[in-house]
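Notes follow once the structure below has been shown.
Chain letters run A, B, ... following the sequence lines, proteins first, then strands; residues in each count from 1.
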Amino acid sequence: MGDIFIYNTLTQSKERFVTREQNKVYMYVCGITPYDALHVGHARTFTVFDVMRRYLEYRGYEVFHVQNITDIDDKIINRASELNISPGELVQRQIAEAEEDLCALGLLKPHVEPRVTEHIPEIIEMVSTLIEKGYAYQVDGDIYFDVSKFQRYGQLSKQDLSSLIAGARVEVDERLKNPLDFALWKAAKPGEPCWDSPWGKGRPGWHIECSAMSLKYLGSGFDIHGGALDLVFPHHENEIAQSEAYTGQSPFVRYWVHSGLVTVGGKKMAKSLGNFIRLRDALNEHGKDALRLAFLSVHYRSPMDYTDERIRQAKAALERISAFLATANSLMRHPAIGETKDELLAKLVSERERFVLSFHEAMEDDFNTAQAIGELFEFVKAANTLLVELLASPSNAAREEVARCVASLSEALRILGIDVQPAAAGFGEVERLIELLIDVRQRLRQKRDYELADMIRERMKELGIILEDTPAGTRWRRAT
RNA sequence: GGCGACGUAGCCAAGUGGCUAAGGCGGCGGACUGCAAAUCCGCUAUUCCCGGGUUCGAAUCCCGGCGUCGCCUCCA
């Protein structure tokens with residue numbers, strides 16, 4: 001397999017992926033602020049980075065994945081007071097809910113999920129150093145980062161200081177040296193959660209936690225820092241400034257990776273616009289696999305408009321894979337009764353090899369999952385054609401090759417984090433009853449009592465069991 | 001105003017200098033079937049928002065429009 005290329009926001013180009021340490025990837029993904037339910041936008045971002053991690057692991061890298069939880073911030077304080085509960089209570093509740101949702105989405109759990117409130121000493125140490133080095137200054141009980149001291153400010157968002165200032169839409173705080181200076185530490189207001197610091201009681205500003213925690217767990221110059229596109233400015237820009245100012249080392253991060261936003265009717269899905277779909281609702285309605293396939297069918301850096309139609313299309317596509325696996329299974333279970341033409345077998349082998357190759361070519365090229373999924377379906381189609389012929393006289397050689405096809409397909413699906421139920425899975429009581437009904441119906445069909453046979457098929461379909469009559473017998477699967 | 005994207009079939013979407021413009025969904029016609037379903041075959045973009053230019057050659061590069069979005073404020 002070839003080299004992996006990743007698009008780096010900092011250089012605006014695809015770069016060959018070279019890690020800091022051989023065979024190890026240190027990855028930080030900006031996580032959640034637990035003040036409200038997760039929505040589909042969060043889900044897309046985390047799915048994108050989940051697949052990057054899965055692919056890198058597949059390629060033999062040991063990935064160390066850190067994802068923060070910002071458990072103290074303005075939004076949490078405000079929401080808690082609206083709900084008349086303590087910030088701690090809100091955080092606890094929201095984290096529990098988010099963990100359920102993220103697990104249901106099939107995301108691999110990060111190795112460390114550091115919380116801001118458990119890293120106050122690290123943050124204070126960092127802020128103190130920034131003051132000592134002259135990058136930060138105190139105004140009343142607040143500490144601000146002086147962006148004019150950091151020459152590279154704006155390098156990530158491709159803005160220079162003057163145009164950023166010109167575009168500033170927020171009323172300028174007259175106490176600041178520069179309108180873009182941002183808070184590293186905020187003095188406590190009455191009733192707010194706070195910690196002791198050299199500057200009095202207070203709490204961390206928004207951006208500092210990610211710098212403090214990523215440096216703690218991953219060290220300066222780690223490999224991948226990810227998040228959605230809307231974090232480029234100011235969050236990640238500020239992280240670079242404060243981290244590089246603090247360590248005196250550059251780069252803070254080797255590859256900045258940003259995923260595109262989810263839109264609704266063309267407009268960004270956001271809490272503030274009120275146009276968000278809760279992840280929990282989407283998961284309940286469509287299941288994780290249709291959601292993941294829908295996300296991954298669009299290149300990760302492109303915007304994705306969320307519609308029910310799109311998810312429906314993904315579901316239908318999933319059924320295609322499911323049907324293929326069902327056909328493959330029935331062939332593998334079929335007793336070998338003949339010889340397979342070498343030519344036929346060779347064709348299947350070459351289709352499989354072509355698929356594996358092209359799937360990885362797509363993934364290597366900046367994780368082009370949309371392309372990779374296209375290759376997957378192309379393979380399914382080609383293999384289906386050959387399976388029809390193979391079914392005519394199943395041989396041992398054919399069954400072994402089909403098993404390899406299924407294995408290759410499953411491997412690709414595992415990288416995408418998509419589970420597809422083959423067909424009649426399970427051997428419980430329900431499955432036995434289904435088999436019994438199929439048997440009864442088969443006898444009715446032999447007696448040409450099609451009316452009753454069709455009724456059974458129709459009623460089972462209403463129960464979510466789909467029957468398909470094939471030359472090799474009746475096959476069933478659950479509707480997805 | 002500054003910066004960054006995007007515009008490919010009925011819908012979704014990959015492709016960013018050169019073989020027939022992937023793939024999925026949908027539709028139509030056919031094979032198979034008792035009928036269905038699934039599967040397969042054929043058709044469904046002579047052309048990639050529009051207008052110029054560069055080139056032997058452009059969906060792909062350049063210039064100019066039009067349209068949409070994001071960031072510059074909290075945001076995954």
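Closest to the side chain of Lys267(A), out of rC25(B), rA76(B), rG70(B), is rG70(B). Closest approach to the Arg441(A) side chain among rG34(B), rA14(B), rG4(B) is made by rG34(B) (side chain taken as heavy atoms from C-beta onward). Closest to the side chain of Arg320(A), out of rA13(B), rA38(B), rG24(B), is rG24(B). Residue Gln371(A) has its side chain nearest to rG15(B) when only rC41(B), rG15(B), rA13(B) are considered. Distance from the side chain of Lys75(A) is smallest to rC74(B) among rC74(B), rC3(B), rC25(B). The side chain of Arg475(A) approaches rA38(B) more closely than any other nucleotide in the set rC3(B), rA38(B), rG24(B). With distances taken from any side-chain atom of Gln159(A) to the nucleotides rU39(B), rA76(B), rC71(B), the minimum falls on rC71(B). The side chain of Gln12(A) has rG4(B) as its nearest neighbour among rA37(B), rA14(B), rG4(B). Here rA76(B) is the nucleotide among rG24(B), rA76(B), rA14(B) with the atom lying nearest to any side-chain atom of Thr45(A). For Lys158(A), whose side chain is taken as the heavy atoms from C-beta onward, the closest listed nucleotide among rG4(B), rG24(B), rU39(B) is rG4(B).
Contact check on Arg292(A) versus Asp50(A) returns a salt bridge, with a Lys/Arg side-chain nitrogen under 4.0 Å from an Asp/Glu carboxylate oxygen. The existence of a salt bridge linking Glu309(A) and Arg312(A) is confirmed by a sub-4.0 Å separation between a basic side-chain nitrogen and an acidic carboxylate oxygen. Arg310(A) and Asp305(A) are not joined by a salt bridge, as no carboxylate oxygen comes within less than 4.0 angstrom of a charged side-chain nitrogen. The pair Asp230(A)-Lys268(A) counts as a salt bridge, with a side-chain nitrogen and a carboxylate oxygen less than 4.0 angstrom apart.
Aromatic pair His207(A)/His236(A): ring centres not closer than 6.0 Å. In this structure, Phe222(A) has its ring center at least 6.0 angstrom away from the ring center of Tyr217(A). The aromatic ring centroids of Tyr255(A) and His225(A) lie 6.0 Å or more from each other.
Spacing of P atoms, rC40(B) relative to rC25(B), comes out at 9 Å, to the nearest Å. Comparing the P positions of rA76(B) and rG64(B) gives a spacing of 36 Å, expressed to the nearest Å. Separation of the P atoms belonging to rC41(B) and rC32(B) is 16 Å when rounded to the nearest angstrom. Comparing the C1' positions of rC56(B) and rG17(B) gives an interatomic distance of 12 Å, to the nearest angstrom. For rC69(B) and rU47(B), the C1' atoms lie 26 Å apart once the distance is rounded to whole Å. For the C1' atoms, the distance from rG67(B) to rU54(B) is 26 Å, rounded to whole Å. Taking atom C1' in both rG51(B) and rG7(B), the straight-line distance is 16 Å, to the nearest Å. Remark: the separation of the P atoms in rU20(B) and rC28(B) is 31 Å, to the nearest Å.
Side-chain atoms of Asp469(A) come within donor-acceptor range of the base of rC35(B), with a qualifying N/O pair under 3.5 Å. Residue-to-nucleotide contacts include a donor-acceptor pair under 3.5 Å from the side chain of Gln313(A) to the base of rC11(B). No N or O donor and acceptor, one from the side chain of Asn368(A) and one from the base of rG15(B), sit under 3.5 Å apart. Under 3.5 Å, the side chain of Arg457(A) and the base of rA36(B) form at least one donor-acceptor pair of N or O atoms.
Cation-pi geometry between Arg301(A) and Tyr7(A) is satisfied (NZ or CZ under 6.0 Å from the ring centre, within 45° of the ring normal). Within the cation-pi definition used here (under 6.0 Å to the ring centroid, within 45° of the axis), Lys75(A) qualifies as a partner of Tyr35(A).
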Phe355(A) and Phe379(A): CA distance, side-chain angles, deciding distance, ring-ring contact (aromatic ring centres under 6.0 Å, His included) verdict:
CA-CA 6 Å; Phe355(A) 159 62; Phe379(A) 172 60; 4.8 Å; yes
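Ring geometry, Phe233(A) versus Tyr153(A): the interplanar angle exceeds 60°, so the pair is classed perpendicular (tilted spans 30 to 60°). Classification of the His111(A)-His65(A) ring pair by plane angle, with boundaries at 30° and 60°, yields perpendicular.
For the residue pair Asp469(A)/Thr474(A), the side-chain donor-acceptor check at 3.5 Å is satisfied.
Distance, Met52(A) CE to rA76(B) P: 18 Å, rounded to whole Å. As rounded to whole Å, 7 Å separates atom P of rA76(B) from atom CG of Asp230(A). Between Lys186(A) atom NZ and rC74(B) atom C1' the separation is 10 Å, expressed in whole Å. The interatomic distance linking Lys381(A) (NZ) with rG24(B) (C1') rounds to 10 Å, in whole Å.
Within 4.0 Å (heavy atoms only), Gly154(A) reaches no atom of the nucleic acid at all. Tyr450(A) comes within 4.0 angstrom of a base, heavy atoms only. Contact annotation for Leu261(A): base contact, defined as any heavy-atom pair under 4.0 Å involving a base atom. Within 4.0 Å of Ala316(A), counting heavy atoms only, lie sugar-phosphate atoms of the nucleic acid but no base atom. Among the heavy atoms of the strands, none lies under 4.0 Å from Val232(A).
Contacts with RNA chain B (heavy atom under 4.0 Å) in residues 270-295 of chain A: none are found. Taking a 4.0 Å limit (strictly below) on heavy-atom distances, residues 36-43 of chain A reaches RNA chain B at His39(A), Gly41(A), His42(A).
In this entry rG18(B) has rC56(B) as its Watson-Crick or G-U wobble partner, both defining distances falling under 3.5 Å. Taking a pair to require two hydrogen-bonding distances under 3.5 Å in either a Watson-Crick or a G-U wobble arrangement, rC35(B) remains unpaired. Across all strands shown, rU47(B) forms no Watson-Crick or G-U wobble pair with both distances under 3.5 Å. Searching all strands for a Watson-Crick or G-U wobble partner of rG42(B) with both distances below 3.5 Å returns rC28(B). Judged by Watson-Crick or G-U wobble contacts below 3.5 Å, the nucleotide rC6(B) has rG67(B) as its partner.
Along RNA chain B, the nucleotide nearest to Ala453(A) and the one nearest to Val298(A) differ in position, and the one closer to the 5' end is contacted by Val298(A). Comparing Arg448(A) and Gly265(A) by the nucleotide of RNA chain B that holds the closest heavy atom to each, the one mapping nearer the 5' end is Arg448(A).
Taking 4.0 angstrom as the limit, Asn384(A) places a side-chain polar atom (N or O) nearer than this to OP1 or OP2 of rC40(B).
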